[in-house]
Amino acid sequence: MTVTVGPPLTETPTRVLADPSEPAVRRRSRPRPGLLAAEVYLILLVVAAVWPAALTPGDPLAADPLAVLSPPGPGHWFGTDHLGRDVLTRVVHGAGHSLTIGVAATALAVVGGVLLGLLAGLTHRVADEALSRTFDALSAFPMLLLALLFITIAGPGTASLIVAIGIATLPHHARVVRGQTLVVRGSGYVEQAITFGQSRPRLVLRHVLPNVVGPVPVLAVIGLGEAILAAAGLSFLGMGPQPPSPEWGAMLSEGRNYLQVAWWISILPGLAVTATVVSLTVVGRHWQARFDGRWR
């Protein structure tokens, strides 16, 4: 019996299937032009706030009667206002005013929200209920309405504007921190630390606080944009820095009477406010996605 032997079988390399999640991860890892543009704009904004002369060496208060209401062009790239002041110079110098108000108000809201949120989550149930209902009541009112009410009582000005926006945005941070505190309070490592007899201050500082403040920086970045927008709105109503201060909201208010003949006086500061809020929101949402594990 003859057995026919065929050609030797060659080993076919086994194809390794890619992880179904790999294309999505790779797709998420690609550069994002919108995020990059937002980060570049925020860097320029910080430079404008810290060192405005690096971008525009002129004086934001210098008036030129011969260049009143000049349209955008060479020499005055953003045009001039009704007093002949360069709009670009005022917008760049106004970044310091708007950013200072927004950062200070957000810092006040974050510090107050963390302290009150910890207090509500760690104290007796009666105190927690009272603080929680207070947070809910304040959150039911629009932020601008609360800030406007405070400024009406305290009077207009930069300091009043900072405190008003900080108080108006504080309940949101406090509610988030309270919820996180209640979760951490019932965790096993906290109960174990209590069993070992750790003092309450040490327990809060070492075990509770570090595990509670995780989402706070993300909320602060997003809240900073809201604070800058609120500051511009209140300044537009005359509740913030007063003219001739080159604050974006005040510039919007000064230029509203010249929209038909000199649109650039109000439109360009308004674009600066819009770009700042959008950029902070984009960066904040990106950080939130990384914090939640939805981006690699």
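- The side-chain tip of R90 does not point at the ring of F78 from less than 6.0 angstrom away and within 45° of straight on.
- Between atom CG of residue D86 and atom OG1 of residue T80 there is a gap of 7.5 Å, rounded to the nearest 0.5 Å.
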Check the pair S266, Y258 against side chain to side chain donor-acceptor pair (under 3.5 Å), reporting the backbone distance first and the verdict last. CA-CA 8 Å; S266 293; Y258 302 91; over 6 Å; no
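- Using a 4.5 Å cut-off on side-chain heavy atoms (C-beta onward), L69 and D81 make no contact.
- Residue pairs satisfying the side chain to side chain donor-acceptor pair (under 3.5 Å) criterion with at least one member in residues 114-127, sequence neighbours excluded, are absent.
- Taking 4.5 Å as the limit, every side-chain heavy atom of V278 sits out of range of all side-chain heavy atoms of Y41.
- Taking both residues in full, the closest heavy atoms of A164 and A147 are given as CB-O, 3.5 Å, listed atom of the first, atom of the second, then distance.
- A 4.5 Å side-chain heavy-atom check between Q288 and V221 finds every atom pair outside the cut-off.
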Evaluate the criterion salt bridge (charged side-chain N to carboxylate O under 4.0 Å, His left out) for residue pair E39 and R32; output intermediate values, then yes/no. CA-CA 11 Å; E39 292 174 342; R32 297 185 176 184; over 6 Å; no
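- Note that CG of L219 and NE2 of H172 are 5.0 Å apart. Values are rounded to the nearest 0.5 Å.
- With a 4.5 Å cut-off on side-chain heavy atoms, I165 and L234 count as touching.
- Between the OG1 atom in T106 and the CG atom in L170 there is a gap of 11.5 Å [rounded to 0.5 Å].
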Run the side chain to side chain contact (heavy atoms under 4.5 Å, CB included) test on L146 and I167 for me, step by step, so that the C-alpha distance in whole Å, both residues' side-chain angles and the decisive distance to 0.1 Å come before the verdict. CA-CA 8 Å; L146 281 177; I167 292 176; over 6 Å; no
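- To the nearest 0.5 Å, the span separating CG on D64 from OG on S70 amounts to 7.5 Å.
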Please assess I228 against L280 for the test side chain to side chain contact (heavy atoms under 4.5 Å, CB included), listing each intermediate value before the final yes or no. CA-CA 10 Å; I228 292 176; L280 287 170; 4.0 Å; yes
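- Distance check, rounded to the nearest 0.5 Å: CG of D59 to NE2 of H93 gives 7.0 Å.
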Run the side chain to side chain contact (heavy atoms under 4.5 Å, CB included) check on V68 and L83 step by step: do they pass? CA-CA 6 Å; V68 173; L83 297 178; over 6 Å; no
Please test V213 against V177 for side chain to side chain contact (heavy atoms under 4.5 Å, CB included), starting from the C-alpha separation and ending with a verdict. CA-CA 7 Å; V213 297; V177 172; 6.0 Å; no
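- Atoms CZ and CG, from F150 and L161 in turn, are 10.5 Å apart once rounded to the nearest 0.5 Å.
- Side chains of I265 and L259 form no contact here, defined as non-hydrogen atoms less than 4.5 Å apart.
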Pair E226, T169 - check side chain to side chain donor-acceptor pair (under 3.5 Å), show working. CA-CA 9 Å; E226 297 176 354; T169 55; over 6 Å; no
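- In this structure, D128 pairs ionically with R178, as a charged nitrogen and a carboxylate oxygen lie closer than 4.0 Å.
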